[in-house]
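Single-structure report; data block below.
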Amino acid sequence: MKKLAIIFVFTLTEILVIGCGDHTKPGRDYMPDMKYSRAYETYAEHDNLAMKGINYNSRPVAGTVSRGEELPYHLQNDSSGYAQSAGVSDPLPKLNETELTESERLYLINCAICHGTALDGNGPLYKGGNGPFAAKPAMLVGDPKIEALPEGTLYHVMTYGKNLMGSYASQLNRKQRWMVAQYIKSKQGGAKASGDSEGTDSTAAASTAGQTTAK
């Protein structure tokens, strides 16, 4: 009985000592690199990583796509890519009223300065011949060759630019470029709903249009 009492008192004492100890200073850490990780804030300087032999350039890995982002555009910026763009289908469904309003806003911000609010090529840069541009930009509405271009070709031109028109890939993401293309076609009376029945004619028109584009 005396031995059991001694064992009990010893065990209780040990528990009290351990329980009241300083847990903030453990004697040894298991995998300290994970406990004390080298965390870096977004956009923080990381030049010291190279000095430590760590290769990091903050760029996405080649071939990867961000979540929610569409697959990269597969056609090149050349005559062959332009011709093939007529066969590229718009991945977006037909825009609803709210989306169409947003696409109009995007057009007015990025395109109307050249092509005009009425899509007639009479934007502030041309201004009826009195603006900085001597040549009138393309009439997105009223020019049969431009109206015959399918959405895929409009998207291609917005992606790479054409003639005097520069690329808008940095101003408009992929979805926004398709939205603007749908907006233009809706103003031309060639909304996406009728695209399937006119697909063959549009492809032929894009080929015959040649170098004719948004500018």
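Along the sequence shown, residues are numbered consecutively beginning with 1.
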Report task. Please name the pair of heavy atoms, one in Leu100 and one in Ser186, separated by the smallest distance, quoted to 0.1 Å. Result -> CD1-OG, 4.2 Å

Query - Gap separating the OG1 atom of Thr153 from the CD1 atom of Ile146, nearest 0.5 angstrom - result: 10.0 Å

Query raised in the report: Does one side chain, of Lys185 or Gln188, offer a donor that lies under 3.5 Å from an acceptor on the other?
Result: yes

Query raised in the report: Partners of Ser80 by side chain to side chain donor-acceptor pair (under 3.5 Å), sequence neighbours excluded?
Result: Gln84

Report summary line: For residues 96-112, the salt bridge (Lys or Arg N to Asp or Glu O under 4.0 Å) pairs (sequence neighbours left out) are Glu102-Arg105

Query raised in the report: Can you list every ring-ring contact (aromatic ring centres under 6.0 Å, His included) pair that touches residues 91-111, not counting sequence neighbours?
Result: Tyr107-Tyr183

Query - Residues in ring-ring contact (aromatic ring centres under 6.0 Å, His included) contact with Tyr155, at least two apart in sequence or another chain - result: Tyr73, Trp178

Report task. Please examine the side chains of Leu92 and Lys175, heavy atoms only from C-beta on, and report whether any two atoms are closer than 4.5 Å. Result -> yes

Query raised in the report: What pairs of residues pass the side-chain hydrogen bond (donor to acceptor under 3.5 Å, both in side chains) test when at least one of them lies in residues 119-141, not counting sequence neighbours?
Result: none

**Report entry** Contact summary for Ala169 and Thr159, nearest pair of heavy atoms
**Finding:** CB-O, 3.6 Å

Report summary line: In short, Glu147 meets Leu140 closest at the heavy-atom pair CG-O, 3.7 Å

**Report entry** Chi angles and distances behind the side chain to side chain contact (heavy atoms under 4.5 Å, CB included) call for Met158, Met165
**Finding:** CA-CA 9 Å; Met158 282 185 276; Met165 175 178 169; 4.3 Å; yes

Report summary line: Scanning both residues in full, the closest heavy-atom pair of Gln182 with Lys94 reads OE1-CA, 3.7 Å

Query - In one Ile/Leu/Val/Met/Phe/Trp/Tyr side-chain cluster, 4.5 Å: Ile184, Ile109 - result: no

Query raised in the report: Between atom CG of Leu106 and atom OG1 of Thr101, what is the distance when rounded to the nearest 0.5 Å?
Result: 11.0 Å

Report task. For residues Asn110 and Ile113, report the shortest heavy-atom separation together with the two atoms involved. Result -> O-CG2, 4.4 Å

Requested in this report: Apply the test side chain to side chain contact (heavy atoms under 4.5 Å, CB included) to residues His156 and Val88: give CA-CA distance (whole Å), side-chain angles for both, the deciding distance (0.1 Å), then the verdict.
Outcome: CA-CA 9 Å; His156 185 89; Val88 178; over 6 Å; no

Report summary line: Rounded to the nearest 0.5 angstrom, the CD-CG distance for Glu151 and Asp90 is 4.5 Å

Query raised in the report: Which pair of heavy atoms, one from Pro137 and one from His115, lies closest together, and at what distance?
Result: CB-ND1, 4.2 Å

**Report entry** Set of residues satisfying side chain to side chain donor-acceptor pair (under 3.5 Å) with respect to Ser103, sequence neighbours excluded
**Finding:** none

